[in-house]
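This chain uses plain numbering: 1 for the first residue, then up along the sequence. For ligands, and for the atoms within them, numbers begin at 1 and follow the listed sequence. We use all heavy atoms of the structure for the numbers below, so side chains are in, but hydrogens, waters and symmetry mates are not.
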Amino acid sequence: MQNKSKPEFDVIVVGSGASGGWASKRLAEAGLKVALLEAGKPQSDRNFTEHKPEFELKYRNQANELLQKTRPIQSRFSCSEYNSDWFINDLEEPYTTPNDQPFLWMGRLRVTGGRTNVWGRVSLRFSDLDFKAASHDGYGEDWPLRYKDLEPYYDLVEKYVGVTGMSEGLEHLPDGQFQPPMPLTCQETIFRERSKAKLDRVVTLARSANLTRPVNGRGPCHYCGPCERGCMTHSYFNAAFTTVPDALRTGNCTIIHQAMVHKVLMDAGSNRATGVLYVDRDSKQTRELHARVVILCAQTQESTRVLLNSASREYPNGLANSSGVLGRYLTAHVRSGGGSGEFPSFGAQPTLGGPNKPVGIYVPRFRNLKNQPAAKNFLRGYGYEGESSLDFNWDATGFGDGFKKSLREPRSSLDITGFGEVLPRSENRVEIDSAVKDIFGIPVLRIHMADGENEKAMIKDMGESAGEMLEAAGAKNIKTYAHPSAPRWALHEAGTARMGSDPKKSVLNQFQQTHDVKNLFVMDASGFASNPCQNPTLTIMTLCVRSCDYLMGELKRGGI
Ligand SMILES: Cc1cc2nc3c(=O)[nH]c(=O)nc-3n(C[C@H](O)[C@H](O)[C@H](O)COP(=O)(O)OP(=O)(O)OC[C@H]3O[C@@H](n4cnc5c(N)ncnc54)[C@H](O)[C@@H]3O)c2cc1C
Ligand code: SF4
């Protein structure tokens, strides 16, 4: 029988991915008793297949139609025969959307480490142009913090994570604590040099959580390529083999797998969270766990789903939702404009044997910067992620020697894809669809997400500027695209429990503590007041560590 006046744990952390791993590590290393609840199964080096050839797989990685039977959404990106069992079964854990607003909620992992098992690892800082964007262009709300507040935490996180990168001295994309850069390819070098010379645009190595020097027993990357299948040398950052084991090693953290959290438990009298109710994935039994503090780190939509499902008489519209903004201001990058081109002058011969550099290039935002004329028809900006390839001429035709000769003709190309900021809008939101439940009996989310005029204009510009840059670099056979972004998919969702200094307009304060319930925190991207075009995860982890330090200070002071 649980003694509610003296819970077994100091803190419950829900979710073991990018944010939950850091929260568990930071708090357990400081001596707090942490229960880490993870809806999925344990991860292990034994599951990693980065060196396994396709011919060793049962279906040679060619049976996508089989994957689609259970994972019609997940199988569209990063989920393959190699790693599909890390992802949810879409039929068992669905979500709904209005018919005219398709949204692909991919990258839903159910395994220790969450999305960091398969992420693209691009790790970029935000700047005051992002945190104070509303002051800059008048749209939306500023974040309740500044770059200087986060800078020491960015340093701390980068040193531990290990980020390869090049310093560029840009105010709007601050440099960090980089490991030595991986080299650029010839195409990437030409693209960098000519973009600078002809358009004054920066092209840099994609700052990426892949090691080039050992860190804490993790080895440098050996360029095998498919990081989304795991990494036996632990050379990219994955919470499953970094933060979570660190937390467990302290002896202060207990991880409970297969624990699907349904709701936060409250003591209405004291207005305090007392713990969580979760469903054991195997037995389908419900269980309660109690602690002094609850921290949700389940990924943006999932954490907000827990809060919405925790509605009570005191909080009829969702827990900690006195502002009415819980679920609102969902954002996810648009990434449907870009281009590619060929660089036929390179004489190098392609090879099937690698090396396969797992890190490409990044073009930092160049629109709507300070001291620059504003773009005509959209606010904010976008960056490009890109990579080059040197491949065989797989389109070769014919027979015999002629075919072989043609096949060996190198195909050298470079492509770039825009990642653009989406303006936070109240009508882009998640709510509970009480008519649909997952296999645990937990009501699912209904996601409303549509592009506004700003996104449409930005996507068009992404396509045009990609063409301009490739042309400046001397590429041939340039192809550009600028599609409307529906169905939206970006894997960089943020918002839905935004932070702010005014409790009437926000759910969290700058330390990701709910305004309404002092011992309840949400430390993933739910709190982002906007979703700058830089990839979010470095900032998710950085905010989380800072908020944990605040939490520990408050516990010491008796403020929680
Ligand atoms: C293919 C892909 C590529 C990406 N590339 C990049 C990139 O290059 N750069 C970048 O910055 N970001 C990238 N991202 C995004 C990045 O992975 C996420 O921003 C980050 O992992 C989010 O961290 P999180 O802690 O919020 O959630 P996650 O890391 O997803 O962890 C959430 C965990 O919570 C668990 N959970 C969920 N619901 C519950 C529940 N109810 N009860 C208990 N546990 C629960 C899940 O099982 C999961 O393990 C990418 C994502 C994907 C999928
Ligand atoms: S490319 Fe590097 S980081 Fe990726 S799996 Fe191979 S060794 Fe690991």
Starting from [atom], what is the nearest protein heavy atom, named by residue and atom, and what distance separates them?
atom	value
atom 34 (O) of ligand 1	Gly15 CA, 3.2 Å
atom 15 (C) of ligand 1	Leu491 O, 3.3 Å
atom 8 (Fe) of ligand 2	Cys231 SG, 2.3 Å
atom 1 (S) of ligand 2	Gly225 N, 3.1 Å
atom 35 (C) of ligand 1	Glu38 OE1, 3.6 Å
atom 3 (S) of ligand 2	Asn210 ND2, 3.3 Å
atom 6 (Fe) of ligand 2	Cys224 SG, 2.3 Å
atom 27 (O) of ligand 1	Gln299 CB, 3.5 Å
atom 4 (Fe) of ligand 2	Cys227 SG, 2.4 Å
atom 37 (C) of ligand 1	Ala298 O, 3.3 Å

Which of the numbered atoms in ligand 1 are below 4.0 angstrom from a heavy atom of [X]?
X	result
Asp524	26 (O)
Leu109	46 (C), 47 (O), 48 (C)
Ser19	24 (P), 25 (O), 26 (O)
Gly114	31 (O), 48 (C), 49 (O)
Ser78	1 (C)
Asn535	7 (C), 8 (O), 9 (N), 10 (C), 11 (O)

For ligand 1, does [X] get within less than 4.0 Å through its side chain, its backbone, both, or neither, judged by non-hydrogen atoms?
X	value
Val14	side chain
Thr112	neither
Arg115	both
Arg121	backbone
Phe77	side chain
Cys297	backbone

Pick from [options]: the one approaching [atom] most closely through a non-hydrogen atom:
atom	options	answer
atom 50 (C) of ligand 1	Phe419, Trp22, Trp119, Phe440	Trp119
atom 3 (C) of ligand 1	Ser16, Ala259, Gly120, Gly17	Gly120
atom 42 (N) of ligand 1	Val244, Ile256, Ile442, Val261	Val261

Do ligand 1 and [X] have nitrogen or oxygen atoms that lie under 3.5 Å from each other?
X	answer
Ala39	yes
Thr537	yes
Ile540	no
Gly107	no

Using a strict cut-off of 4.0 Å, indicate which atoms of ligand 2 neighbour a heavy atom of [X].
X	answer
Gly230	5 (S)
Ser235	3 (S), 8 (Fe)
Pro358	1 (S)
Tyr236	3 (S)

Which heavy atom in [X] sits nearest to a heavy atom in [Y], and how many Å separate them?
X	Y	answer
Gly383	Cys533	N-SG, 3.8 Å
Tyr160	Arg218	O-NH1, 3.3 Å
Arg292	Pro7	N-CG, 3.9 Å

Looking at [Y] and [X], is any side-chain nitrogen of the basic one under 4.0 Å from a carboxylate oxygen of the acidic one?
X	Y	result
Lys25	Asp246	yes
Glu302	Arg110	yes
Glu431	Arg429	yes
Asp438	Arg305	yes
Arg115	Asp524	no
Glu188	Lys357	yes
Asp85	Lys41	yes

Ligand 2 contacted by Gly219 (non-hydrogen, < 4.0 Å):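 The answer is no, since Gly219 has no heavy atom less than 4.0 Å from ligand 2.
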His333 and Phe419 aromatic ring geometry - parallel, tilted or perpendicular at 30°/60° bounds: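 Correct class here is perpendicular.
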Gap separating the CG atom of Leu508 from the OG atom of Ser547, nearest 0.5 angstrom: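 Between atom CG of Leu508 and atom OG of Ser547 there are 9.0 Å.
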Atom pair CD/NZ of Gln258 and Lys284 - distance to nearest 0.5 Å: 9.0 Å
[X] ring center near [Y] ring center (under 6.0 Å):
X	Y	value
Tyr236	Phe241	yes
Phe528	Phe126	yes
Trp22	Tyr153	no

Under-4.0 Å heavy-atom contact with ligand 2, by part of Cys221 that carries it: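 Both parts.
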Geometric cation-pi criterion Arg229 and Tyr82, 6.0 Å radius, 45° cone: yes
Evaluation steps, side-chain contact (heavy atoms from CB on, under 4.5 Å), between Cys221 and Met182: CA-CA 10 Å; Cys221 171; Met182 289 185 177; 3.8 Å; yes
Contact check, side chains of Met449 and Glu493, non-hydrogen atoms, under 4.5 Å: no
